[in-house]
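Keep in mind that the numbers below use all heavy atoms, side chains included, and drop hydrogens, waters and symmetry copies.
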Amino acid sequence: MLFGFVLLFGYALVVWLVFFKFKWMKFNITWGVVSVFVGLHLLIIFMLGLRFVAPYAAEAKLIQHTIQLVPRLPEPTLVTEVLVAPNVPIKKGQPLFQFDRRPYQYKVNQLEASLAKATQNVLVMKSDIEINVEKVVKLRSELKYARYQEKLSIKLARQGAGPEEDAQKWSAQAAAHAAGVKEAQAEEKRAWLRYRSEINGVNTSVAEIQAELDQARYYLDNTLMVAPEDGYLIKLQVRPGMVWSPAKFVSAPSPLSSATPTATCWPTSSRRTSST
């Protein structure tokens, strides 16, 4: 290719020197035609050079992406409807398959009831704290009274004005009330711990059921499978009445079908350089 450029430049230089610089020959129509004819033949060198340096494709391939349609459901589920036909244009978000909603709706209903119960239990926990606080106050008063009676009975027994058994009875009663106060204080502390167990300001029991409910609603929404992209549905392998089951012992569940997006198709080619 470099030789071709040098030759073409040299030819243009010779024409310029002969006809225009030194005017050894008179430039006319005949010499113009001859000069152009020779120049065009020199350009053939570049065409020949392209054969050696420019690659060409001996074959072409068409690459088109496909999206496998796999339901995001946790358990075997009945297919109730197939809402599309294969090889027919579909739009993103268009319903494709309907699965049985009933098991997932029942789960959502159950968790909604559990959430309401857990929310109510938080109020019950608060009431339990108030009850335990009052219980501690009551037991402390009883303990104080029992200790007073114990001292009084001991004094009367020493003076011979009362039986020794009364002093022993009130002593045992005071010890029982003291143990009751400690037990009530422990129950109060435990009630506070249950009530104050929170994540982001939400009681942990409520947050746990709320998370389970969100997951159940997610699965319920996925009982209706929609198209992920514009395209065509190919290799349709499902019919109403079939049961789709997530694979338990393989690396991935089997797809129901494949969707071919219309916007991700482009040609490509294998490149090969000519050697002749």
Colleague: CZ of Arg140 to NZ of Lys135: how many Å apart, nearest 0.5 Å?
Modeller: 13.5 Å
Colleague: State, with a plain yes or no, whether a side-chain heavy atom of Leu236 is found less than 4.5 Å away from one of Val82.
Modeller: yes
Colleague: In Å and rounded to the nearest 0.5 Å, what is the CD1 to CG distance from Ile234 to Asn87?
Modeller: 7.5 Å
Colleague: Taking the side chain as C-beta and beyond, is there a heavy-atom pair between Tyr219 and Pro71 under 4.5 Å?
Modeller: no
Colleague: Can you check whether Val79 reaches Arg239 side chain to side chain, under 4.5 Å on heavy atoms?
Modeller: no
Colleague: Decide whether Met242 and Leu69 are clustered together by the hydrophobic rule: side chain heavy atoms of Ile, Leu, Val, Met, Phe, Trp, Tyr closer than 4.5 Å, transitively.
Modeller: yes
Colleague: Counting C-beta onward and ignoring hydrogens, is there a side-chain heavy-atom pair between Val243 and Thr77 closer than 4.5 Å?
Modeller: no
Colleague: Might you point out which heavy atoms bring Ile67 and Glu229 nearest each other, and give the distance in Å?
Modeller: CD1-CG, 3.8 Å
Colleague: What I'd like to find out is whether the side chain of Leu73 reaches to under 4.5 Å of the side chain of Phe99, using heavy atoms alone.
Modeller: yes
Colleague: Any chain of hydrophobic side-chain contacts (each under 4.5 Å) joining Tyr218 to Val108?
Modeller: yes
Colleague: Within the 4.5 Å heavy-atom criterion, are Pro103 and Glu75 side-chain neighbours or not?
Modeller: yes
Colleague: Does anything in residues 200-222 form a salt bridge (charged side-chain N to carboxylate O under 4.0 Å, His left out)? List the pairs, not counting sequence neighbours.
Modeller: Glu112-Arg217
Colleague: Quick one: closest heavy-atom pair of Pro95 and Leu224, and the distance?
Modeller: CB-CD1, 3.9 Å
Colleague: Supply the atom-to-atom distance Lys107 NZ to Leu213 CG, rounded to the nearest 0.5 angstrom.
Modeller: 10.5 Å
Colleague: For Val84 and Ile90, work out which heavy atoms get closest and say how close.
Modeller: CG1-CG2, 4.2 Å
Colleague: CE of Met225 to CG of Leu96: how many Å apart, nearest 0.5 Å?
Modeller: 7.5 Å
Colleague: CG of Asn222 to CZ of Arg72: how many Å apart, nearest 0.5 Å?
Modeller: 6.0 Å
Colleague: Can you find a heavy atom in the side chain of Gln94 that is under 4.5 Å from one in the side chain of Val226?
Modeller: no
Colleague: To the nearest 0.5 Å, how far apart are OG1 in Thr119 and CD1 in Ile209?
Modeller: 8.0 Å
Colleague: Is the shortest side-chain heavy-atom distance between Leu111 and Leu115 below 4.5 Å?
Modeller: no
Colleague: Given the rule in the side chain to side chain contact (heavy atoms under 4.5 Å, CB included) test, do Phe97 and Val238 qualify, once you have shown the distances and angles that lead to the verdict?
Modeller: CA-CA 9 Å; Phe97 308 111; Val238 63; 3.3 Å; yes
Colleague: Quick one, Asp100 with Thr223, criterion side chain to side chain contact (heavy atoms under 4.5 Å, CB included). Give me CA distance, side-chain angles, the key distance, then yes/no.
Modeller: CA-CA 7 Å; Asp100 191 0; Thr223 56; over 6 Å; no
